[in-house]
Amino acid sequence: MSKQLVITSSPHIRDKETISRIMWWVVISLIPAGISAVWVFGLPALYLIVACVVSAVLTELACQKVMGRPVRIGDGSAVITGLLLAYNVSAGLPLWMAVLGSVFAIAIGKQVFGGLGRNIFNPALVGRAFLMASFPAYMTRFYVWKDGALVSQATPLTVVKMGGVPAVTYKTLFLGNYAGCIGETSVLALLIGALILLWRGYISLHTPLSYIGTVALMTWIFGGKAGWFSGDWLFHILSGGLMLGAWFMATDMVTSPITKKGQVAFGIGCGLITSILRLWGGLPEGVSYSILIMNAFVPYLDNLFRPRRLGERRRWI
Amino acid sequence: MIRLQSNKHYTEHLPIRDIALPKELVVPLVQHIGKVCDPVVKVGDVVGVGQLIGDSDAFISAPVHSPVSGKVKAIRPAPHPIFGRAPAVVIENDGEDRLGYETRDLSLEEALRLDKAEIVRQVRSAGIVGLGGATFPSHVKLQPKKAVDTLVVNAAECEPYITSDLRLFLEKTDEVFAGIRIAMYVLGVNRAVIGVEDHNHELITHLRRYLAERSIKDVEVKVLPSYYPQGGEKQLIKNALGREVPLGGLPADVGVVVHNVGTLFAIYEAVLRGKPLYERVATVSGDGVDEPANVRVRVGMAFSWILDQCGGIKDSVVKVILGGPMMGFSVPTLDVPAIKGTGAILALTDKSTYYSDEWECCIRCGRCVDRCPMGLMPADMSLALERDRVDLAKEYGLMDCIECGVCTYVCPAKRPIVQWIKKGKFLERSRGKR
Ligand code: SF4
Ligand code: SF4
């Protein structure tokens, strides 16, 4: 009998999980926030989302062709970058700028590093940082959708930074009907997405909870006008980009620590930087910068928080 | 640690059966970890069942015996299921099954009065090796360098499909227990712990009743969750006894020796009956086999012969595996013979096995890191080994890897991590030799 047999190394069975299945589930988990964006910011939000996603995917395709890499636009990762970038800009951003940001995010934030898995920084945040540097005025003017038009409005965090008292209730902050980046305002929609990711096991609570917890603690201790321990921590964790950042960007597999302990340290680091920027920095918000800064520390954190080997002594942690 | 689909339903209720003997058997002179044996017979010699045909004077080695009676037809390199090719003794079966060793009929009590060194010698000359798949010579494991206090009986059988130890333990309980007694006696321990996975209800009930009926107090049954790799030596010791074998150390460092069920049965056969190890129980299974079975196979039987005795294999079979799907070896041809470590022969169709060689970049999802039963960093190892950086891989735990395959199984990027690890270890070891 001379049957043709395949020889491979063990193991001979594999789990069904694939990169594209993970990525497309992340896309699905981002849909509630997209719906909320269109509900709060109207058609301009929809156009931004479409523009960012389409240009991200096309840029990915072009890069992979030019760089002679296998074309893997079907894996959904560029779609995520497009979505996240769109969610991180104001509804009033001209479409061409958004497209430029998207191209930058994929080309410079991801493909230059070697493509999916090799990038150090979250590509969407690289795109956003690029837009902030290039078009600060457009990136910091926020709107809401009223009677078929965008109406300029300050974000609650900006109001606070100016020393005012924001006229929003916790309920509004939770539902998302106020000025801000289009995908960040609805805590409800973001939490629905987060639940999907938790259920699928693609994220764990380590990063988000340590991140949000640190911000709550810091803003409670230092954020109040009436002295220590008087800050409105609930306002701080419900507003701005914290929920979007903590659940969807700080948890990005590629750019966050691989070990659970490292993820907790990463979350705490993000939380500290975000709080410091919000309370004492020049800008009203600090989520995206803090994540970008912490991205750079990931290799260090991974090394520091190696898991304990079976039978290994020592380990201070 | 992960949960795997067990697929034991194919064979777990099937009693062990004998199969016909082929006309010709090819018995490799290396069926164990350690030194290759030299043949002690010549072409043309007439041999009996169980007669010594290959031996070596190295401490870490195990002799090889003829599985049938007949004539030595050739001594030549032949296909080997693990090494590709290896020297082997080809024996023409005369069909008479004439014994070539001295049988014994000792009672357990008599055996337990033997000199310990004599028992160790018998285990060695019977050619017994770890039958769980590692094939480490058992006489070495009966003489640990440190004092031990516990024998752990590995009945975890955590690999999918395999049911040979399960059936053996159920059907030959007295004999396996005799093996346990002998091992306890030689090791000088007064405690034995049998590790069983919790899905084996039948075996657990059976063993508990067995112990209760005989009021055996010094042997316990420890029920463990059905996680892969529960049967890994270090994992088993940790989960059954709560002891951790130090990195780079041996079970004896924490006072333990582990033997698996099949090995203990072989020790019983050798010491009480004088029978060398030339046959064992193997599970023949997989969706590509017509009649999955637990069969008694003799070493040297070709895979094709064994599979034919189980109804043959389907055309859609793409892989035939010696051992389990997680750590077994896929064989290049069905001409390869069964060896002592053959606990299972699986024929899998493309529906039940993975064989693509495409993989992607690591997305650092952490699935491998979270599940590695040794607490290593497989992701970082794979990135280092991809660039041939064995030095870096060592920092992430290369030499502590038990090659269980968990990391590779869970990887969404389908990275062949274990393959790289095996290569990396090989490079490292051969560098050390030079
Ligand atoms: S690195 Fe080694 S021990 Fe860890 S999961 Fe992979 S094969 Fe198993
Ligand atoms: S499972 Fe695969 S993709 Fe995920 S971290 Fe490990 S090697 Fe990377």
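Throughout, protein chains are lettered first and strands after them, A, B, ... in sequence-line order, and every chain is numbered starting at 1.
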Is a side-chain donor-acceptor pair under 3.5 Å present for A:S9 with B:K423? no

[options]: which one forms the most heavy-atom pairs within less than 4.5 Å of chain A?
| options | result |
| --- | --- |
| B:I321, B:V410, B:L376 | B:I321 |
| B:Q419, B:M326, B:Q5 | B:M326 |
| B:P412, B:A413, B:G375, B:G366 | B:P412 |
| B:E360, B:K238, B:M327 | B:E360 |
| B:R367, B:Q235, B:K422, B:R243 | B:R367 |

With side chain to side chain contact (heavy atoms under 4.5 Å, CB included) as the test, would you mind laying out the steps for B:E244 and A:R308 before giving the verdict? CA-CA 12 Å; B:E244 278 190 26; A:R308 194 185 74 92; 2.5 Å; yes

Could you measure the distance from the CG atom of A:L310 to the CG atom of B:L247? Nearest 0.5 Å is fine. 7.5 Å

In Å, rounded to the nearest 0.5 Å, how long is the span from SG of B:C365 to CD of A:E17? 8.5 Å

Residue [X] excluded, over 12 heavy atoms near [atom1] under 6.0 Å:
| X | atom1 | result |
| --- | --- | --- |
| A:Y289 | OH | yes |
| A:F297 | CZ | no |
| B:F83 | CZ | yes |

Is the backbone N or O of B:F329 less than 3.5 Å from a side-chain atom of A:S10, with the two atoms forming a donor-acceptor pair by type? no

Does B:T353 use its side chain to pair, donor to acceptor, with the backbone of A:I13 at less than 3.5 Å? no

Residue pair [X] / [Y]: nearest heavy atoms and the distance that separates them:
| X | Y | answer |
| --- | --- | --- |
| B:G324 | A:H12 | O-CD2, 4.2 Å |
| A:R309 | B:Y396 | NH2-C, 3.4 Å |
| B:G405 | A:P11 | O-CG, 3.6 Å |

Pick whichever of [options] has the most heavy-atom pairs under 4.5 Å with chain B.
| options | result |
| --- | --- |
| A:K16, A:R21, A:K260 | A:K260 |
| A:G114, A:G201, A:G117 | A:G117 |
| A:L116, A:D15, A:I7 | A:D15 |

Checking A:L5 against B:K319 for the side chain to side chain contact (heavy atoms under 4.5 Å, CB included) test, could you report, in this order, the C-alpha distance in whole Å, the side-chain angles of both residues, the deciding distance, and whether it holds? CA-CA 5 Å; A:L5 295 172; B:K319 261 195 213 179; 5.9 Å; no

Given that the side chain runs from C-beta out, which part of [X] has a heavy atom under 4.5 Å from chain A: side chain, backbone, both or neither?
| X | answer |
| --- | --- |
| B:V320 | both |
| B:I363 | both |
| B:W359 | backbone |
| B:P160 | side chain |

Chain B contacts: which residues in residues 63-87 of chain A have a non-hydrogen atom closer than 4.5 Å to it? A:R72

For a side chain to side chain contact (heavy atoms under 4.5 Å, CB included) check, start with the C-alpha distance between A:D302 and B:R364, then their side-chain angles and the critical distance, and finish with the verdict. CA-CA 11 Å; A:D302 270 344; B:R364 298 172 43 82; 2.8 Å; yes

Hey, does B:V369 have a side-chain heavy atom less than 4.5 Å from the side chain of A:P307? yes

Quick one: does B:C361's side chain get under 4.5 Å of A:R118's, heavy atoms only? yes

Part of A:I22 within contact of chain B (heavy atom distance under 4.5 Å): side chain

I'd like to know if B:E395 and A:R306 make a salt bridge, using a cut-off of under 4.0 Å between side-chain N and carboxylate O. no

